[in-house]
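Scope of the values below: all heavy atoms of this structure, side chains included, with no hydrogens, waters or symmetry mates.
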Amino acid sequence: MDTASHIALAADLLGVFFFAVSGSLLAARKGFDIVGSLLLASLASLGGGVARDLIIDVPPAAFTTPAYLLPPLLATVLVYFVFSGVERVKRVLVIFDAAGLALFCITGTIKALEVGLNPVSAVLLGVTTAVGGGLLRDVVANEIPQLFDPRDIYALPALLGAVTVTALYLTGTFTLVTGMVAASLVFTLRVLAWRYGWHAPLAARTSSVRR
């Protein structure tokens with residue numbers, strides 16, 4: 001495995017960990033037991049990557065690389081021993097979720113481009129990788145998926161990141177540094193949108209957001 005592959009694997013595993021923590025935090029907020037926490041962490045962290053790999057017709061990395069199973073376990077244990085204070089769950093959950101979203105839209109897009117998908121398909125697959133796990137997490141936990149929350153923006157930061165990375169890749173300027181800059185922009189936009197209540201236009205012009 002070359003240096004680039006090591007960097008991609010490290011970024012993917014870090015994204016898995018961030019999403020796994022978000023899943024375990026939501027499990028704690030909902031009062032799940034530790035088994036439920038592990039399952040929710042696994043869904044949140046591995047769901048998007050499995051969907052990505054199935055779409056591009058390769059064996060899912062979660063099933064071929066044992067290292068992918070460690071972050072959900074670590075996140076479950078970490079939340080169990082460290083977490084306290086239900087009132088702070090939402091804030092911390094959003095931060096970890098935003099970090100996972102930022103990394104996954106990068107790694108998902110790059111993997112799609114490396115297997116030869118066209119730029120538009122690569123962008124769509126990058127967004128799918130980024131939002132897939134969070135969607136599964138919220139549905140299973142009986143929460144309104146953040147992807148569909150009219151009071152927030154979720155997919156748009158991932159779309160911005162995927163488009164940026166695709167442009168960098170096609171122009172030969174994608175490096176570890178430029179990739180991390182793109183991920184930082186996605187993370188910042190996602191957190192600011194949550195903090196200040198930014199949202200996309202509603203489905204109908206005369207609709208209003210229900211609080």
Trainee: Roughly how far apart are N118 CG and L113 CG, rounded to 0.5 Å?
Mentor: 9.0 Å
Trainee: Where is the tightest heavy-atom contact between A130 and A158, given as atom of each residue plus distance?
Mentor: CB-CB, 3.9 Å
Trainee: Is there a side chain to side chain contact (heavy atoms under 4.5 Å, CB included) between F187 and V191 once you walk through the steps?
Mentor: CA-CA 6 Å; F187 174 82; V191 172; 3.8 Å; yes
Trainee: Got a second to check how far S184's OG is from I106's CD1, nearest 0.5 Å?
Mentor: 9.0 Å
Trainee: Can you tell me how far CG of L14 sits from CG of L103, rounded to the nearest 0.5 angstrom?
Mentor: 5.5 Å
Trainee: For P72 versus L69, what's the shortest heavy-atom pair and its separation?
Mentor: CD-O, 3.4 Å
Trainee: Between CH2 of W194 and CZ of R91, what distance do you get to the nearest 0.5 Å?
Mentor: 6.0 Å
Trainee: Tell me the closest heavy-atom pair linking A62 and V50, and the distance in Å.
Mentor: CB-CG2, 4.1 Å
Trainee: OH/Y80 to CG/D33 distance, rounded to the nearest 0.5 angstrom?
Mentor: 11.0 Å
Trainee: Using the rule given for side chain to side chain contact (heavy atoms under 4.5 Å, CB included), can you reason through I144 versus D138, listing the C-alpha separation, both sets of side-chain angles and the distance that settles it, and then say yes or no?
Mentor: CA-CA 6 Å; I144 296 176; D138 295 340; over 6 Å; no
Trainee: Would you say Y169 and V123 are hydrophobically clustered, going by side-chain heavy atoms of ILVMFWY under 4.5 Å?
Mentor: no
Trainee: Answer whether the closest heavy-atom distance between the side chains of H199 and D149 falls below 4.5 Å.
Mentor: no
Trainee: What heavy-atom pair brings G108 and R52 nearest, and what distance separates the two atoms?
Mentor: CA-CD, 3.9 Å
Trainee: Side-chain heavy atoms under 4.5 angstrom apart, residues restricted to Ile, Leu, Val, Met, Phe, Trp, Tyr: same cluster for L117 and V58?
Mentor: yes
Trainee: Check whether V140 and F32 end up in the same hydrophobic cluster, where Ile, Leu, Val, Met, Phe, Trp and Tyr are linked by side-chain heavy atoms less than 4.5 Å apart.
Mentor: yes
Trainee: Which value, rounded to the nearest 0.5 Å, describes the distance between T64 atom OG1 and D53 atom CG?
Mentor: 7.5 Å
Trainee: Between S24 and S37, do the side chains contain a donor N or O and an acceptor N or O under 3.5 Å apart?
Mentor: yes
Trainee: Quick one: do L189 and L160 satisfy side chain to side chain contact (heavy atoms under 4.5 Å, CB included)? Show the steps, please.
Mentor: CA-CA 10 Å; L189 177 58; L160 174 63; 3.9 Å; yes
Trainee: How far apart are the closest heavy atoms of V127 and A162, and which atoms are they?
Mentor: CG2-CB, 4.3 Å
Trainee: Is a salt bridge present between R137 and E143, judged by a nitrogen-to-oxygen distance below 4.0 Å?
Mentor: no
Trainee: Any donor-acceptor pair under 3.5 Å linking the side chain of T109 with the backbone of V165?
Mentor: no
Trainee: How close do P145 and V139 get, counting heavy atoms only, and between which atoms?
Mentor: CG-CG2, 4.0 Å
Trainee: According to a hydrophobic-cluster definition based on side-chain heavy atoms being under 4.5 Å apart (Ile, Leu, Val, Met, Phe, Trp, Tyr only), do L38 and L136 belong together?
Mentor: no
Trainee: In terms of relative ring orientation, are F104 and F19 parallel, tilted or perpendicular, with 30° and 60° separating the classes?
Mentor: tilted
Trainee: Does a salt bridge link K111 with D12, judged by any charged N lying under 4.0 Å from a carboxylate O?
Mentor: no
Trainee: Check for me, please, whether I153 and F148 land in the same ILVMFWY cluster - side-chain distances under 4.5 Å, paths through other members count.
Mentor: yes
Trainee: Quick one: does T65's side chain have a donor or acceptor within less than 3.5 Å of a partner on Y68's backbone?
Mentor: no
Trainee: Could you walk me through whether I95 and F18 pass the side chain to side chain contact (heavy atoms under 4.5 Å, CB included) check?
Mentor: CA-CA 9 Å; I95 298 237; F18 287 141; over 6 Å; no
Trainee: Do V131 and L135 have side-chain heavy atoms sitting under 4.5 Å apart?
Mentor: no
Trainee: Measure from the side-chain N and O atoms of R29 to the backbone N and O of L93, and report whether any donor-acceptor pair falls under 3.5 Å.
Mentor: no
